[in-house]
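To start, the structure itself, in structure tokens.
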Amino acid sequence: MSENILELRGITKYFPGIKALDGIDLNIREGEVHALIGENGAGKSTLVKILTGVYTPTAGKLIYDGQDVSFRNALEAQEMGITAIHQEASMFPELSVAENIFMGHHIKEKGALNWKAMRHQTLELMKKMEIDINPDTPVKSLGVAQRHMVEIAKALSIDAKVVIMDEPTSALTLREVEELYTIVRQLKKENKAIIFISHKFEEIQEICDSFTVLRDGKYIGEGKVADTSIDEIVTMMVGRSLDQMFPKKEAHIGETVLKVDNLTRYGSFRDISFELKKGEILGFFGLVGAGRTEVMRTIFGIDKKDEGTVLLKGKELKIHSPAQAMRKGLAYVPEDRQTQGVILEQSLTRNITLPIIDKISKLGKVSRKKEKQATGTYGRMMEIKAAGWHVNADTLSGGNQQKVVLAKWLATEPEILILDEPTKGIDVATKAAVHEFVSEMAGKGLAVIMVSSELPEILGMSDRIIIMHEGEKTGELSRAEATSDKVIKAATGHREEVRS
Amino acid sequence: SGQQSEPKGDQPLKIVLLVKSLGNGFFEAVADGGKEAAAELGNVESIYQGPSTATAEGQIDIIESLIAQKVDGIAISANDRDALIPVTKKAMAAGIKVISFDSGIAPAGRIVDLIPSDAELIGRQQVQLIAELTGYKGQIGILSATSQATNQNLWIEWMFEEIKDPKYKDMEIVEVVYGDDAADKSYREAVGLMQKYPGLAGIISPTTVGVLAASKAIEDEGMKGKVQITGLGLPSEMQHYVENGTCGQMALWNPVDLGYTSTMILEALITGKVDGNVGDKISVGRMGTVTVGKDGVSIMGTPFVFNKDNIATYAAMF
Amino acid sequence: MEIDKTLASSDRLVDENKRLISKIGSLLARWEGILVLIIIGMVIVFSNITPYFLDYFNLMNATFTFMEKAVLALPIIFIILSGDIDISGAAIIALSSFSMGFASSHGAGTAQVVITGLAVGALAGAFNAVFIINFGIPAIAVTLATQSFFRGISQAILEDQAYTHYPESFSYFGQGYIPGTIIPFELIFFLVLAGIFAYVLHFTSYGRKLYAIGNSATAARFSGVPVNRIRFTNFVLHGLFAGIVAVLLTSRIGSTRPNIANGWELEAITLVVLGGVSITGGKGSIVGVILSIFLIGYLKFGMGLINLSAKVMIITTGFLLITAVLIPVIIDAVGRRNKLKMQRRRG
Amino acid sequence: MNALKEMLKKREATLILLIVVLAVAVSTRAPGFLKGDNISRIVNDTSILIMVGIGQFFVILTGGIDLSVGSVIAFSGMAAAMMNQSSPGTPVILILLAGMAIGLLLGLFNGVIVAYGKVPPIIATLGTMSIFRGFTFVLSKGQWVTAHEMSESYMSIPHGHFLGLSNLIWSAVLVSVLLFFFSRYTRSGREIYAIGGNKTAAKFVGVSEKKVNLIIFSMSGLLSGLAGVMWTARYAAAVNETATGFELMTVAACVLGGVNIAGGAGAVPGVILGALFLGIINNALPVVNFSPFYQMFIQGFIVLAAMFINTIMDKRSEKKMLKRRA
Ligand SMILES: Nc1ncnc2c1ncn2[C@@H]1O[C@H](COP(=O)(O)OP(=O)(O)OP(=O)(O)O)[C@@H](O)[C@H]1O
Ligand SMILES: Nc1ncnc2c1ncn2[C@@H]1O[C@H](COP(=O)(O)OP(=O)(O)OP(=O)(O)O)[C@@H](O)[C@H]1O
Ligand SMILES: [Mg+2]
Ligand SMILES: [Mg+2]
């Protein structure tokens, strides 16, 4: 058994009004992948930020390589050999890939930055990771998955002893996830310590050796992944066991409410056709970048379509803005909660009531009573964990922010609900709650489109599945015919093997 | 709002010199004249005020506060001859005596307008000065202050009048440009004049900022001796160029006298020695008497001409 | 046992004190609190120095010197709150005043003159909006250019001339009083407008949307807020209000020249940010801006009363602007530290 | 391929094209406008704008703005001129350095307020814009310093020639080259881009926002201080209104030069071109035969048109980029 490279003793962190971490102990060993597990808001990301010098702990000790250390900023942690892929997007969109990777530890020669060397090393890294990105491309012109790979490359560009990955897979395609696993195994071989945060148990089982569970900022326990069942971990996480992950209710499928014909947006997707029925959950699967989001954005009036028609209950839907879409009974839960979903600097109340602000106003005046009602009803439905309805959304953990987004769209009481990666970054318990809720709503006649990159979720929840690949529809399967093999084949572009 | 100023016993009279803007040597010298008059009169407190940038609105705001503190008299060098009228009327209704000096207010807005010199005299003299320098021939450009400056515009009209005289038959005014009383823009405009008219013989700049910037521009462009410059300038600011010959001669009235005379006139009006009617003669200390002319306009005298020989003496004063 | 109790109660006392302090602290940390304090201080100082300050007539009359800038500040609140900026306000005033002079010199009556001014103002605002919203050029860039453009139009046509003839009754807007009182019409007019703005901002859905846009335009758009329409409206509103200001100002000074209201855009923006509206959008209240309007207005007036030089005035307002932002930051920092300390003690 | 470079090239190419079109248009109305000595005159006249514009550029790059540059120019210019006046014997290089040091201090003051006081840059510099201007009045007691009170050597600071170019042009060239290098090849330079691009991400890699704010404001102050000395020496007059409104000119130069006003994007060459564009307008307006009353209108119109064309071209190249990717 190898040495503890990193030990935490009694780490405590206060935010005004919140005790985010309460006496956390952690043992990280070299050559091991250690999973950090916990519900949304358990304190995982906060812990990461303490380890990387972004936050200073209120109390507690950090022992690194047998010595007490404290970091005043991220640079000091980096110089000690700790690097991280943060949960929040941390790219510089206007700057090149090479520069994004080397920001903070540029390569210098004779006092000046050596761009040639940095470009060269970037190419090497890219080769090692088997991805094809030009080091000079500005990051803003990369897709989400590519960006994420750049983030990973950035962490690897530092010769670190401890590599922290905070939900690194949430925006990656299957191939890239495999790639990441290879990288992690390689790092392990190089005797590095890896801290891996994820809400997906398959990943933890696949790649992690040991784990620590946090709950409400407290240390709950640790163990070996091989010796522990998922049920045991879940029980440690939530304090109880969960019955069912994908509580799909019997569907009562009604008439067609939405019919999309040959919808095309140049450069994004082509000839997309499908029907959505009342009471149905229509799953959209594809690899990240398949163009599902863009189809949904177009239907919701955010982007302009170039060709094709959308029929709502038989009548052509002509909309140019989300406001119009909402009036027609559509709702869209966007995939990027940080910039599209929540307004970070506003209270939960204001967030939840924003889409319905006109509905709860009379002659322009907002009714405080209705506002309270709406917040209470839908906020409670989602079991949001927060100090109150008045706190700003930026004080919530990622998962809880996602719940706020869901609550705010449910408040519009839509006929058609489009969910884009609704459980991205959400913990198991909440995920189950969301699933149960969606399925219940569908049971009451709501038509649901669910875009997801999580295969179990798609298979478990959908009545029908549409699969996309590089902007085209490559398959449509009923619940009965769908298997993970078939779906993945279509998602990777093997159209001929799936009849549609 | 018929507020009348009550008699105030032996409180000194508050007489305000309100200038176009602060930070201008000309007006600082005006302020000195005001102090001189106050010292001479004994019962007068001379107050020097002006906005930080030369706007009518800034002057109006100051006048409102002068009304509120019930000063006794205000002499104004106006940034706008019309815009000040409503507020100065209000001041006069409140019992404050208002006159204008240097840059006038239209008759409805003041009792007396003390002009340093007749616009006609100034305009004609400027043309004469440049003619003497250029030998009565060549193209002449005019570099003015802002295009809104009323006193400058009036003088320029007279310049065009004067040049019609046959003795100037070989001279023409080719263009009027505006430097907005900013050093860099005036400089650029002066350079522009020289570029546009390669045969330019002289520049008249009837504004202190302009004449200074134009002199510098002539020097920098190596046109000293080829392009003559005259205008209205402060001796202390222009000494360098007058002494080195860039500017052969220029004119100005004495700003100290202007401040002095304004204060004297106001004191006479406040104490009721005169009413400021047409024909009234006001005795103004060392400056003798000033006669109130048509429309309340009073003239102080002909602008004084400065040249190499006398500038050092005056530079020490203003 | 006894000792323990007293300890406990004295502890509570300390806590009570702390709470009181922190309450005052949190009031101070609120922008409006700071402004109120400064205003009180100002009144005390001035009323001790000069007998003319606390004089009902003077206090009323002084409002003439800042009500127009105050009116211009109102739409700027909306603009800044939604994350935009507009520095062409003063130029629109010039253009609008010019068009009124033009109309008047062609025989228009008071009503027509006013309508002309408002219409031209609103059009100029729409012109800005088209470039900013439809063509996507940054607001500061557009309004920087239109600043010269709008004023330039009136200068090109009016040259060195002035319009000095306005209908008799036109002078009421900027010079008149509420009949039978010495309350200026401009003051009441502003207060009514401010009331409407406060209502819209703090009680209506339009206000909510403004804040939402200022905090995150993307999230607002995804939530069905017609972001661009609202921003467009704001710029037109700004133009319209610049037109209103042009009416008031032209009426007050009875004449129009192209350099009218020079530099007012920055003064109005200063009022808004001093009033606590975050320059990056999404934060601020009308109350703060109203306080800052009266603070700056009376401060300048008071300094004028004691004949302080204009240079002292600009230094003072500069410092005021910075300290008003600094104080809450400092109090907030101290407050946070105390709070954390207390939290730690409680465990 | 090299998308960023391509786009940059495009943006600057647009601007160069606009400059050429403008210059040719002017020379049809004012022959001789494109002659060598006039071109050098324009560059000379634009040098100050280039230097201060580059200072402004770094501030805007972080998403801030420095509205106090005009006042810093006035104050440091006045202080330098008064130093020269009171002791004409002092070597001018010392005065030049003193002027720069004063500018640096004023800039540092801005930087401290922003970095430690957490005051947004626009508010901090709106405040110091008044304060520094007011102090200029206080310092000068309302008086000017003019030619006869300045030593010959002082007035020759900007005019001295070297290899056929004036010192003023040389200093602009030096500032441009140095700061281009700084922006591209130093760690601090890149950190400025990082802060402007994504503050959170910058924090994650250990970039100190405080340090960056201190650097950019000091630099802007230093350059304004240098410009102040040059200004008063060039026009042989230190007045209180020096450079009033100049801050907006520098912002306009940046915006025209393709600097993203929200921060994170832009480059030194663009700023230089933007400044030159404005410099040409400023120098052309006095020589073309338009009524002087049209100047303001024409200036506004041309700047608006240039921004419009710039934006349209940018959008088109961006669209092309998206199409290519698809
Ligand atoms: N800057 C902050 N200010 C105040 N509270 C914060 C701040 N950052 C985090 N918190 C709080 O600290 C707690 C821990 O948050 P953290 O982001 O570490 O959770 P997490 O375990 O990463 O959750 P998730 O799985 O959703 O990412 C939460 O209650 C959160 O609301
Ligand atoms: N923030 C962004 N800025 C610029 N381009 C983006 C951005 N996000 C996504 N794209 C581009 O849009 C395309 C698709 O986006 P993304 O990778 O999110 O997949 P998607 O369309 O959401 O598909 P799916 O939902 O199937 O994952 C990609 O080509 C990507 O480059
Ligand atoms: Mg997290
Ligand atoms: Mg997607």
Side-chain angles (χ1 to χ4, degrees), chain B residues 1-3 14 16 18-19 21-23 31 45-71 79-91 94 106 108-109 144-150 152-154 156-157 176 178 180, chain C residues 50-53 55 57-66 68-69 90 93 155-156 158-165 171 174-175 177 182 249-264 267 297-298 300-315 317:
Chain B
S1 60
Q3 293 264 313
K14 284 195 201 168
V16 184
L18 175 55
V19 303
S21 74
L22 294 181
E45 182 193 347
S46 180
I47 297 166
Y48 173 57
Q49 268 291 18
S52 52
T53 52
T55 62
E57 290 85 355
Q59 288 188 311
I60 293 169
D61 291 356
I62 293 174
I63 296 171
E64 290 282 4
S65 83
L66 295 175
I67 297 173
Q69 56 172 304
K70 301 186 173 69
V71 299
N79 282 318
D80 187 314
R81 61 184 279 107
D82 306 301
L84 297 184
I85 296 175
V87 73
T88 52
K89 271 185 174 165
K90 190 159 147 188
S144 185
T146 70
S147 54
Q148 324 291 318
T150 34
Q152 264 89 2
N153 289 339
L154 207 57
I156 291 169
E157 271 174 42
V176 183
Y178 300 87
D180 292 348
Chain C
T50 162
Y52 303 115
F53 187 76
D55 172 314
F57 174 79
N58 283 351
L59 286 178
M60 282 297 141
N61 223 30
T63 57
F64 278 118
T65 64
F66 57 90
E68 291 135 12
K69 287 169 202 162
I93 294 174
Q155 188 168 63
L158 199 50
E159 302 198 337
D160 60 342
Q161 298 302 301
Y163 287 121
T164 55
H165 295 289
S171 67
Q175 298 179 35
Y177 297 86
I182 54 163
L249 177 60
T250 311
S251 156
R252 182 160 66 95
I253 67 180
S255 63
T256 297
R257 256 177 233 285
N259 60 0
I260 191 171
N262 220 345
W264 278 26
E267 292 192 46
Y298 281 121
K300 280 194 177 157
F301 178 72
M303 290 196 287
L305 279 183
I306 55 177
N307 291 311
L308 276 182
S309 158
K311 60 194 174 201
V312 181
M313 290 195 203
I314 61 176
I315 294 174
T317 41

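All values derive from a computational prediction rather than experimental measurement.
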* Which portion of C:Ala62 sits near chain B, non-hydrogen atoms under 4.5 angstrom -> neither
* Asked: Should B:Ile67 and C:Asn58 count as side-chain neighbours, where that means a heavy-atom distance under 4.5 Å?
  -> no
* **Selection from C:Phe66, C:Phe53, C:Trp264 maximising heavy-atom pairs under 4.5 Å formed with chain B** => C:Trp264
* **Proximity breakdown for B:Asp61 and chain C, heavy-atom pairs closer than 4.5 Å** => both
* Asked: Checking B:Gln49 side chain against C:Leu308 main chain: does a donor-acceptor pair fall under 3.5 Å?
  -> yes
* Structure fact -> Turns out that what part of C:Pro51 lies under 4.5 Å from chain B's heavy atoms comes down to neither
* Structure fact -> Okay, B:Ile85 and chain C: the region with an atom under 4.5 Å from a heavy atom over there is neither
* Asked: Of the backbone (N, CA, C, O) and the side chain (C-beta and beyond), which part of B:Ala56 lies under 4.5 Å from a heavy atom of chain C, both, or neither?
  -> neither
* Structure fact -> With chain B, the option among C:Asn61, C:Leu59, C:Ile253 that has the most non-hydrogen atom pairs under 4.5 Å is C:Ile253
* Asked: Can you list every pair that meets side chain to side chain donor-acceptor pair (under 3.5 Å) and has a residue in residues 249-262 of chain C, with sequence neighbours left out?
  -> B:Asp80-C:Arg257, B:Asp82-C:Arg257, C:Glu68-C:Arg252, C:Ser97-C:Thr250, C:Ser97-C:Thr256, C:Tyr166-C:Thr256
* Asked: Can you tell if the side chain of C:Ile306 reaches within under 4.5 Å of the side chain of B:Gln69, non-hydrogen atoms only?
  -> no
* Nearest-0.5 Å distance that lies between atom OG1 in B:Thr55 and atom CD1 in C:Ile260 -> 11.0 Å
* Among B:Gly23, B:Ser65, B:Gly50, who wins on heavy-atom pairs under 4.5 Å with chain C? -> B:Ser65
* Relative to chain B, which segment of C:Phe301 carries a heavy atom at a distance below 4.5 Å: side chain, backbone, both, or neither? -> both
* Given a strict heavy-atom distance threshold of 4.5 Å, which part of B:Ser52 is in contact with chain C: side chain, backbone, both, or neither? -> both
* Rounded to the nearest 0.5 Å, how far apart are OH of B:Tyr48 and CG of C:Asn307? -> 13.0 Å
* Structure fact -> Ranked by heavy-atom pairs below 4.5 Å to chain B, first place among C:Gly302, C:Ser309, C:Ala261 goes to C:Ala261
* Kindly compute the distance separating CG (C:Leu305) from CD1 (B:Ile62), expressed to the nearest 0.5 Å. => 12.0 Å
* Under 3.5 Å, is there a donor-acceptor pair between the side chain of B:Glu64 and the main chain of C:Thr65? -> no
* With C:Gln155, which residues qualify under side chain to side chain donor-acceptor pair (under 3.5 Å), at least two apart? -> B:Ser147
